[in-house]
Amino acid sequence: MVTFLPLMLVLAQAQAPPVDLLVKGGTVVTVDAQMRVLAGGSVAVRDGKIAAVIAAGEALPAARETIDASGHLVIPGLVNTHGHVPMIVMRGIAEDLALMEWLNGVVFPAEAKTVDPELVYWGTLLAGIEMARSGTTTFSDMYYFEEEIARATEKLGLRGVLGQTIIGFPAPDHKTTDEALAATERFLQRYKDHPLVIASVAPHALYTTPLEVIVKARELARRYRAPFQIHAHESPEEDVAVRAKYGTTTLTVLEGAGVLGPGMLVHHAITVTASDIALMKRYAIGVTHNPESNMKGGSGLAPVPELLAAGIAVGLGTDGAASNNNLDQFETMDFAGKAHKLVRHDPTAMPARALVRMATIDGARALGLDDRIGSIEVGKQADLALIDLRVPELTPIYDVYAHLVYAVRGAHVRTVLVGGRVVVRDRTVTTVDAAEVMARCTAIQGRILKALGR
Ligand SMILES: [Zn+2]
């Protein structure tokens, strides 16, 4: 009987219905718990999910479509845990200014005069093209007219954790925080159980938004079991202002108000103290680390090694392109690695593996999505990026993680899948017309310059 077993297995496989898609014969970087890397591995996709992760030499299923991954790394789609995606149309609008001067002197006034549904929709498409083509499949956002961002995200075929901004001054879309809270609730209802859009609640920050409004926003997030995101400990200036007003740190103030708890994402966490870190650990709060935006703003660097040592989920973010000035998460990994090594004079401070985890599974965990995305494992969404290694600057390769962090750039991403759907093929976004999007955004730039009197 034993001798017939392989034949029976072959027959069983031949009779199995074909998978929808087979990504065949690449170096599969799973980022699973064992950090398995399968040379010559394949990934089978059925109904948008990963149906099998197949090592070299194992039998391959029949497939309706096959993508040849030879000479490529196959990685989980990257997760960008913080951004204000339509701000891509303001990339380079103001440089070399202190954060508060940049915000209050240029960005907030420019936004008040120009941000409307058209800017937000086309700006999101432009940012989405850049993210998709550099391997990001899930992003988190906090901006205005969030329903337009949701519409563009669906059109792009990307996954988004999208938060309508609630801020304590008249915003481009809502003049009062009550209006913004009501709009957020409608947004939460509309996108409940959506396959790509995860509606989130996003009060801007304690330094811009009254505490009682943040508390109301938190109640809303809890009622709808929605991710809750806020900027906190973003700069030394914020820390001074919050301590002057409340006598303690931002996170301590939020704890006192009952805001802290699971399902919460803190953007930046630069000025956190040891007791703030203990609070984040106790309340299972996720953190977004945005090294490029923070370095460019001269704001400081979050104590990421300590956060990771405490077991806190730390994801990587670009922040808005107006403060970065790109959305390439490979570059974010690179900057994050080098920044911590530099300031600590310690090359062991931030290992490449940890950085890859932050850009994938840890980012997913920070967003509360690690059961669905962030690694190449059976049952997860088939969100994948294929990186073409057959170029001089990636030859030869010794260590996939060192390569991903320090050598690969977004432009090396050739093919991208979200939920099994090919959204980038041979570097071209398949879901939107990039030329039209660029033309619309250039026209929007004209409107912004006019509004600023430039
Ligand atoms: Zn931000």
Side-chain angles (χ1 to χ4, degrees), residues 79-91 93-95 97-108 110-111 115 120 123-124 127 130-131 136 138-146 149 160-169 171-172 180 200-209 214 217 227-239 241-242 250-251 254 264-272 285-302 304 314-327 329 332 335-336 363 366-367:
V79 178
N80 185 345
T81 51
H82 183 48
H84 311 280
V85 290
M87 291 184 82
I88 198 97
V89 296
M90 296 183 193
R91 165 160 44 202
I93 197 171
E95 298 294 332
L97 296 174
L99 176 66
M100 293 303 168
E101 205 184 326
W102 182 84
L103 273 176
N104 298 318
V106 183
V107 172
F108 287 154
E111 287 182 334
V115 171
V120 168
T124 302
E130 184 172 337
M131 289 192 283
T136 290
T138 295
F139 68 98
S140 165
D141 184 76
M142 177 196 286
Y143 207 58
Y144 307 108
F145 300 104
E146 205 67 27
I149 297 177
V161 176
L162 308 182
Q164 167 67 43
T165 298
I166 301 158
I167 195 161
F169 53 75
S200 156
V201 181
H204 181 266
L206 183 59
Y207 68 88
T208 55
T209 313
I214 295 172
F228 178 82
Q229 50 173 317
I230 188 166
H231 295 95
H233 295 263
E234 185 174 1
S235 70
E237 292 84 354
E238 173 201 331
D239 196 50
V242 168
T250 299
L251 276 167
L254 296 179
M264 176 170 174
L265 183 63
V266 165
H267 301 308
H268 302 300
I270 292 169
T271 60
V272 287
I285 289 165
V287 170
T288 308
H289 180 42
N290 306 278
E292 287 190 79
S293 169
N294 297 156
M295 289 165 82
K296 201 154 172 279
S299 305
L301 204 57
V304 174
V314 183
L316 291 176
T318 52
D319 209 347
S323 59
N324 185 303
N325 296 359
N326 66 70
L327 303 176
Q329 282 288 76
T332 309
F335 271 70
L367 294 174

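In listed order, ligands and their atoms are each counted from 1. Positions are given from 1, in the same order as the sequence printed here. The basis for the numbers below is simple: all heavy atoms, side chains too, and nothing from hydrogens, waters or symmetry mates.
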Report task. Output yes when a side-chain donor or acceptor of N80 lies under 3.5 Å from a complementary backbone atom of Q329, and no otherwise. Result -> no
Query raised in the report: Given side chains that start at C-beta, do those of L162 and Y143 come closer than 4.5 Å, heavy atoms only?
Result: no
Requested in this report: Evaluate the side-chain proximity of P86 to D141: yes if any heavy-atom separation is below 4.5 Å, no if none is.
Outcome: yes
Report task. With the side chain counted from C-beta on, respond yes when H84 and E111 share a heavy-atom pair under 4.5 Å apart, and no when they do not. Result -> no
Query - Among H204, H289, Q229, H231, the one residue meeting side-chain hydrogen bond (donor to acceptor under 3.5 Å, both in side chains) with H267 - result: Q229
Query raised in the report: When you check the space around the Zn ion (ligand 1), which protein N, O or S atoms turn up under 2.8 Å?
Result: H82 NE2, H84 NE2, H231 NE2, D319 OD1
Query raised in the report: Does a side chain donor of either E238 or T271 reach within less than 3.5 Å of an acceptor in the other side chain?
Result: no
